[in-house]
There are 4 protein chains.
Amino acid sequence: MTDTTTGKDARRSIGARRNPDSAEAIREAAEAVLLEHGYPGFTIEAVARRARAGKPTIYRWWPSKAALLLDVYQRQKRDVVYADTGSLENDLFLFLKSLFRQWRETPMGQIFRSIISEAQSDPAAARALAESGRDRRQHTGQLVERARARGEVADDVDPQVVADLAASYAWTHLLTDRLEEDDTELRSAVRYLVRGIRTAGAG
Amino acid sequence: MTDTTTGKDARRSIGARRNPDSAEAIREAAEAVLLEHGYPGFTIEAVARRARAGKPTIYRWWPSKAALLLDVYQRQKRDVVYADTGSLENDLFLFLKSLFRQWRETPMGQIFRSIISEAQSDPAAARALAESGRDRRQHTGQLVERARARGEVADDVDPQVVADLAASYAWTHLLTDRLEEDDTELRSAVRYLVRGIRTAGAG
Amino acid sequence: MTDTTTGKDARRSIGARRNPDSAEAIREAAEAVLLEHGYPGFTIEAVARRARAGKPTIYRWWPSKAALLLDVYQRQKRDVVYADTGSLENDLFLFLKSLFRQWRETPMGQIFRSIISEAQSDPAAARALAESGRDRRQHTGQLVERARARGEVADDVDPQVVADLAASYAWTHLLTDRLEEDDTELRSAVRYLVRGIRTAGAG
Amino acid sequence: MTDTTTGKDARRSIGARRNPDSAEAIREAAEAVLLEHGYPGFTIEAVARRARAGKPTIYRWWPSKAALLLDVYQRQKRDVVYADTGSLENDLFLFLKSLFRQWRETPMGQIFRSIISEAQSDPAAARALAESGRDRRQHTGQLVERARARGEVADDVDPQVVADLAASYAWTHLLTDRLEEDDTELRSAVRYLVRGIRTAGAG
DNA sequence: ACCTAAGCGAGACGGTACGTCTCGTCTTGCG
DNA sequence: CGCAAGACGAGACGTACCGTCTCGCTTAGGT
């Protein structure tokens, strides 16, 4: 895919400091290996082979597989849409739809799945994932706060919890290969979240 | 030469058919290994050692690590509360609270995390997980249908989607070690789902 | 003494090249295992355990059990007597007697038996054995050539064939545990070979 | 009707005594497996599979691989020529030539190689081989005794030793894949043995 | 005509060894 | 000192056989 090694000319040390070419080659190789052979094929050895790098070079800069995985993840662009249509329901729907598409159509989905997997055993990945989750909820929460500011949402609503519910829905669909579903279900989910599922008269 | 008598009362073949004692010993050993050494320590070799079983005996009956994992999971009792308090909000809250507690206090949490992890690379585990998810949503959806029957929930609400939202919330908290949180957040989540997050006058 | 492990200090890699300590430890372990547990106990696993080496380290340098076996064999000293008493009959007798003693009293006998065994199934061992046989016949043939030079042996005699007959006799006695026999039989065999078994007047 | 047989006409027990059909099927399978897959492929499992026999049936009647091997060997016809041409040299040459051909052109060569191999680790095989060797030397020795009777061979010659030398030569050529050599060498070997290798005047 | 006893095919059992893979560490020699 | 290279001890992978065991069935011979 993104193979920069030009045949026989091997990269060498550039002196007593980190060689950015190597770092980049490793990141690229990591991503390529992950996409081509999946998470179980994502081994340090495979990455080193692909990057024409020595294993110690990888271990020197990334203490664990999780670290490399996170690095690859963060290297990806994040052009998820945070549209402002004036309607929270619409905003949330567009956000999730855009996120689903990104996960489907770019390496990010596979990478993120791998990170979640890794986090189940690697505490470092778990920590990183937790932090990234907090950030993400913060971001998504702003959609809700914006809506609250314009009176669309009740004052006592916790934007974090709403963001959590939305993100959870996305995660689960990623992890169970349900990113392909048509919009109806996603729209329903968002509608329930915003309007509730009660009958009009209930409460 | 090859001494097979390892101890005084080793399990033996009971003829040309499966020995249930061995099967059970393996399941027990699998669970114990998983809990003591976590998912990365969950190795066929380790399970075989622990169960005092030969590796081929495991491979004979469980084609993959995933299969064994699922078997161990299904072996667990599922005494999650499906209370019927007359209020869907309350029912859902109690259900999730009970599920959280079970995941926290029994091996099921760790086992289920491992299965989700495994499913990210093993298609068989993925399939089994998908099916189990469908079943679970079916079950949980009955809470919603019950509420709809008594007029608490709008007719056009899809119980599956509601169950999906609730289960997603649970999964994500399991996967990110947030099973310990106090009830407030959980209660909020359920409330938003049932009543919506809009201001009274909105819509 | 075949234990080279110096307590807890494990051998390590010495960089991107073969570690002679490991190689030697493996050779020593191989010999020890072969002598202590015989050919059926001569297992790559057992050698690796004994040498405190990883199996891949063995497979890296010795492609097969046969290769390791041959290496161990060639590592042994070959101080077989090639006396020059002026009498071929005597020379041959002393040579075979010395060879028998070496096979009896040093590991070489057991090792050589194992190699012959291995060569019956492993083509590589068969090739190596064939070559070593040729060399050996060449060597032993020199005894005959020396005798021919001094007129003791007829000109048309093929030293290789004589050496073959002598070596065959030795092999067979090794393979059938008849190294212990008293000298009478051996002396007869050599006498027949040199003088023939005919009556004086025959021909 | 309680026919549980899966095949069309599986062999069954014929009561509380050995079933000769099974025994024969096993012998045949053993020979076939040995010839088709060689000594390393000669496993009890393979023989059982091939013979459509249960492993215990084999172990019941043949305590070891060696026993089965020997049985297969003895099952072969032994039509080695023991010609009586009036010349011992000729008789021995014809005997060895015939033996070489038999080993080359029938399964016996491969089977005998396997037995020698097996005897290097299995004491039972070693014993059987030793005994069979004694018998064989006895037989071959008769050629020499016959010649001695007609005054062709000196009185003090031990026929056993002569037979041993001849058999050793044959064994070694079998074990080192030198059965194909042309007659010249074989003829020389026999000539040296009978006439000696000395110059006419030596002694 | 029943009953016991042993042989039969089948195949599961606890094991060991196979040869390969990856792990994370180590050390070299070049730049 | 960083780098590519790759050897190292360790140990898991999934498979093949080992030799033992039990099953359910078969039949012969003794009762």
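These values consider heavy atoms only, across backbone and side chains, with no hydrogens, waters or symmetry-generated copies. Letters A, B, ... mirror the listed sequences (proteins, then strands); counts begin at 1. Given the structure is predicted, the values throughout are model-derived calculations rather than measurements.
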Practice problem: For B:Arg17, check side-chain contact (heavy atoms from CB on, under 4.5 Å) against everything at least two apart and list the hits. | Solution: B:Ile14
Exercise. Could you tell me which residues satisfy ring-ring contact (aromatic ring centres under 6.0 Å, His included) with D:Phe112, sequence neighbours excluded, listed by chain and number?
Key: D:Tyr73, D:Trp103, D:Trp171
Practice problem: Report the distance from atom CD of C:Glu45 to atom P of E:dG19, rounded to the nearest whole Å. | Solution: 10 Å
Practice problem: Tell me which nucleotide among E:dG24, F:dC13, E:dA10 gets nearest to the side chain of B:Ile44. | Solution: F:dC13
Practice problem: Establish, with yes or no, whether the OP1 or OP2 oxygen of E:dA17 is under 4.0 angstrom from a side-chain nitrogen or oxygen of C:Arg49. | Solution: yes
Self-check item: N/O (side chain, C:Arg52) to phosphate O (OP1/OP2, F:dA10) under 4.0 Å
Solution: yes
Quiz item: Counting only non-hydrogen atoms, which of residues 54-69 of chain C are less than 4.0 Å from DNA chain E?
Solution: C:Lys55, C:Pro56, C:Tyr59
Exercise. Could you tell me whether a side-chain N or O of B:Ser117 sits under 3.5 Å from a main-chain N or O of A:Ser117, the two making a donor and an acceptor?
Key: yes
Quiz item: Toward the 5' end of DNA chain E, which comes first, C:Phe42 or D:Arg17, by nearest nucleotide?
Solution: D:Arg17
Quiz item: Do NZ/NE/NH1/NH2 and the carboxylate oxygens of A:Asp122 and A:Lys65 come within less than 4.0 Å?
Solution: no
Quiz item: Of C:Ile14 and A:Ser22, whose nearest nucleotide on DNA chain F comes first from the 5' end?
Solution: A:Ser22
Quiz item: Can you tell me how far C1' of E:dT22 sits from NE2 of A:His37, to the nearest Å?
Solution: 15 Å
Exercise. By nearest nucleotide on DNA chain E, pick out whichever of B:Asn19 and C:Ala16 is the more 5' one.
Key: B:Asn19
Quiz item: Within the pair B:Arg11 and E:dG14, is there a side-chain N or O less than 4.0 Å away from OP1 or OP2?
Solution: yes
